[in-house]
Amino acid sequence: MDIKEIVKHFAFEGEFQCVAEFGTGHINSTFIADFKCAENEKRYVIQRINTSVFKKPDELMKNIFAVTDYLYKEIEKTGGDPERETLHFIKTTDGRNYFESENGDCFRAYAFVKNSVSFDSADTPELFEKSGIAFGKFQNMLGNFPAGILFETIPNFHNTAWRFENEFMPALFSSDDELHASCREEIDFVTSRRGITGILYDMAERGELPLRVTHNDTKLNNVLFDKDTLDALCVIDLDTVMPGLALYDFADSIRFGASTAAEDEADLSKVSLNLEYFRAYARGFLSRAGETLTKAERDNLAFACVVITLECGMRFLTDYLNGNTYFKIDYPTHNLVRAKNQFALVRDMEKKLDEMKAIIAEI
Ligand code: ADP
Ligand code: GN1
Ligand code: MG
């Protein structure tokens, strides 16, 4: 694939200057392309959609166009700056939502949000709190979005029990003893927690937790901040916006951003839950989404962090057992390291669960 050739298929403004790979996401590949116009410069983001993960790019892009159009109007209504507070997709030269190359690779493009930056970790609790505000606001803005028009881009995405039965167990049965020996402790860690994998999903099935339009991948690096003020500007990475549980959006942010270490830190003595960061995020998220949450949702925010972190670790372990076909890796045991890391975080969350609950109750 020659990315310079791909650039030609989008209705970008100006004269092409250069294009380079960018970002640290685990699924899609991201590129930044610079263009020169008569009076200014334009920067665009191009992404190759991972079509082995997102099997129906057409439905995916329909979702994203619908969500960003809706957000644009909501932001305008509330006096915000829609040019910087939501993503703007650029159509192809023949007016399509995305470009499909001859060999079946799919690409999409959007305007680079000016003077923005994203972070893989938060240097201060204040910055992390701002990401909580952004995701809380995001959920609130989509409160009246017609959820029925959304396609499920990845079925059972946060159905932890389903992933246990239909992904983790099959991966275990189809992998060999040698591989098992390298992760025996981690396999036992997951199997001993099978009982908690279905609790939240079952509550939702029984109508005790409401389905909302949620983001479902609320990592800190999926928020853009203003480079100068460090205020949160825009929620990005909208591939998994689908009906889901508010709890999972809260929990996935905590999993990633309130850990004292990076998601792939191999030294497990460095991995724990930072309660100050937990408090800061909860304050931010609840300041925007709190009023709409039901009591059952509020009561389960802390527990959801355990479930979602377990789920993520189980997904990394599953991918390791499957020969690393889903998440991008930098070295052969990368997914195993990530799994161990997530399980260390689960252990610490289990210990701190009462404190986490007390913080939520206080807020
Ligand atoms: P992935 O699915 O790989 O995580 P993202 O959509 O999150 O892809 O994009 C990867 C990174 O690219 C982001 O973390 C951010 O730094 C940057 N980025 C993406 N979209 C924009 C944008 N519109 N403006 C500025 N930076 C962006
Ligand atoms: C993936 O694409 P990215 O890096 O934002 C994954 C998330 C995981 C996350 C773990 C579509 O997110 O579900 O929580 O990695 N996205 C998808 O870091 O599977
Ligand atoms: Mg991302």
Side-chain angles (χ1 to χ4, degrees), residues 20-34 42-55 57 60 63-64 68 71 82-90 107-121 131 134-135 152-160 163 167 214-227 232-242 244 248-249 251-257 259 262-265 305 307-319 325-329 334-335 337-339 341-342 345:
E21 194 152 7
F22 185 78
T24 56
H26 296 342
I27 308 292
N28 298 313
S29 305
T30 303
F31 305 84
I32 300 283
D34 285 320
K42 290 258 177 192
R43 175 166 271 195
Y44 297 99
V45 177
I46 301 165
Q47 280 180 329
R48 183 172 61 209
I49 302 169
N50 182 332
T51 45
S52 51
V53 169
F54 298 104
K55 296 192 166 44
L60 172 75
N63 274 8
I64 294 186
T68 50
L71 287 175
E83 294 298 329
R84 292 185 85 208
E85 293 173 29
T86 187
L87 290 175
H88 290 276
F89 282 81
I90 311 287
F107 296 84
R108 63 176 171 214
Y110 32 101
F112 187 94
V113 175
K114 281 199 188 103
N115 204 37
S116 70
V117 60
S118 68
F119 298 100
D120 286 324
S121 65
S131 75
F135 281 120
E152 205 176 4
T153 54
I154 302 180
N156 292 304
F157 192 59
H158 284 313
N159 184 346
T160 318
R163 283 191 183 272
E167 292 182 348
T214 50
H215 183 281
N216 293 304
D217 186 5
T218 52
K219 285 170 31 170
L220 176 66
N221 58 18
N222 287 331
V223 176
L224 299 178
F225 293 84
D226 184 286
K227 251 188 189 165
L233 285 174
C234 176
V235 167
I236 61 168
D237 209 342
L238 306 175
D239 294 331
T240 48
V241 175
M242 293 180 281
Y248 291 153
D249 274 7
D252 199 48
S253 286
I254 298 298
R255 175 192 74 74
F256 188 81
S259 173
E263 190 184 62
D264 60 354
E265 170 61 58
C305 298
V307 177
I308 214 76
T309 308
L310 174 67
E311 178 191 281
C312 192
M314 178 176 77
R315 292 173 63 197
F316 288 141
L317 184 60
T318 302
D319 201 29
T325 56
Y326 187 93
F327 296 103
K328 285 188 197 166
I329 52 164
H334 203 165
N335 275 318
V337 167
R338 288 171 176 150
N341 173 305
Q342 297 296 289
L345 188 56

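Counting convention: from 1, in listed order, for ligands and their atoms alike. In this text the structure is predicted, and so the values were computed from the model without any measurement.
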Backbone, side chain, both or neither: what part of [X] comes under 4.0 angstrom of ligand 2, heavy atoms only?
X: R255; answer: side chain
X: N221; answer: neither
X: F256; answer: neither
X: D239; answer: neither
X: F316; answer: side chain

Return a yes/no value for S118: is any of its N or O atoms, backbone included, closer than 3.5 angstrom to an N or O of ligand 1?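 N/O-N/O distance under 3.5 Å: yes.
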H26 N/O under 3.5 Å from ligand 1 N/O: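 Between H26 and ligand 1 (N or O atoms, distance only) the closest approach is not under 3.5 Å.
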Give the residue, atom name and distance (to 0.1 Å) of the protein heavy atom nearest [atom].
atom: atom 3 (O) of ligand 1; result: G25 CA, 3.2 Å
atom: atom 6 (O) of ligand 1; result: Q47 NE2, 2.9 Å
atom: atom 20 (N) of ligand 1; result: Y110 CE1, 3.2 Å
atom: atom 1 (P) of ligand 1; result: D237 OD2, 3.4 Å
atom: atom 26 (N) of ligand 1; result: F112 CE1, 3.4 Å

Atoms of ligand 1, numbered as shown, that sit under 4.0 Å from any heavy atom of S116: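 Near S116, meaning under 4.0 Å from one of its heavy atoms, ligand 1 has 25 (C).
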Could you tell me which atoms of ligand 1, counted from 1 in the order shown, lie closer than 4.0 angstrom to a heavy atom of N222?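 Atoms satisfying the 4.0 Å criterion: 7 (O).
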Applying the side chain to side chain contact (heavy atoms under 4.5 Å, CB included) test to R255, which of L310, T309, V307, T218 qualifies?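 With R255 as partner, side chain to side chain contact (heavy atoms under 4.5 Å, CB included) holds for just one option, T309.
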Is K219 in contact with ligand 1, taking contact as a heavy-atom separation below 4.0 Å?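 Contact check K219 vs ligand 1: negative.
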Those atoms of ligand 2 less than 4.0 Å from some heavy atom in [X]:
X: N222; result: 5 (O)
X: F54; result: 11 (C)
X: Y326; result: 11 (C), 17 (C), 19 (O)
X: H26; result: 2 (O), 3 (P), 4 (O), 10 (C), 15 (O), 18 (O)
X: G25; result: 4 (O)

If you round to the nearest 0.5 Å, how far is [atom2] of [Y] from [atom1] of [X]?
X: Y110; Y: T86; atom1: OH; atom2: OG1; result: 11.0 Å
X: H26; Y: H334; atom1: NE2; atom2: NE2; result: 7.0 Å
X: F256; Y: N221; atom1: CZ; atom2: CG; result: 4.5 Å
X: K227; Y: L233; atom1: NZ; atom2: CG; result: 12.0 Å
X: Y326; Y: N335; atom1: OH; atom2: CG; result: 11.5 Å
X: N222; Y: L238; atom1: CG; atom2: CG; result: 8.5 Å

Give a yes or no on whether the backbone of N159 and the side-chain of N156 come within a donor-acceptor separation of less than 3.5 Å.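 It does not hold such a pair.
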Which N, O or S atom name in D237 marks its closest approach to the Mg ion (ligand 3)?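 D237's closest N, O or S atom to the Mg ion (ligand 3) is named OD2.
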Applying a 4.0 Å heavy-atom criterion (strictly less than), which segment of [X] is in contact with ligand 1: side chain, backbone, both, or neither?
X: I236; answer: side chain
X: A111; answer: backbone
X: N28; answer: both
X: V117; answer: neither

Going by atom types alone, do T30 and Q47 pair a side-chain donor with an acceptor below 3.5 Å?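 Q47 and T30 do have a side-chain donor-acceptor pair below 3.5 Å.
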NZ of K328: more than 12 outside heavy atoms within 6.0 angstrom?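 Above 12, so yes.
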Presence of N, O or S from N221 under 2.8 Å of the Mg ion (ligand 3):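 No, outside the cut-off.
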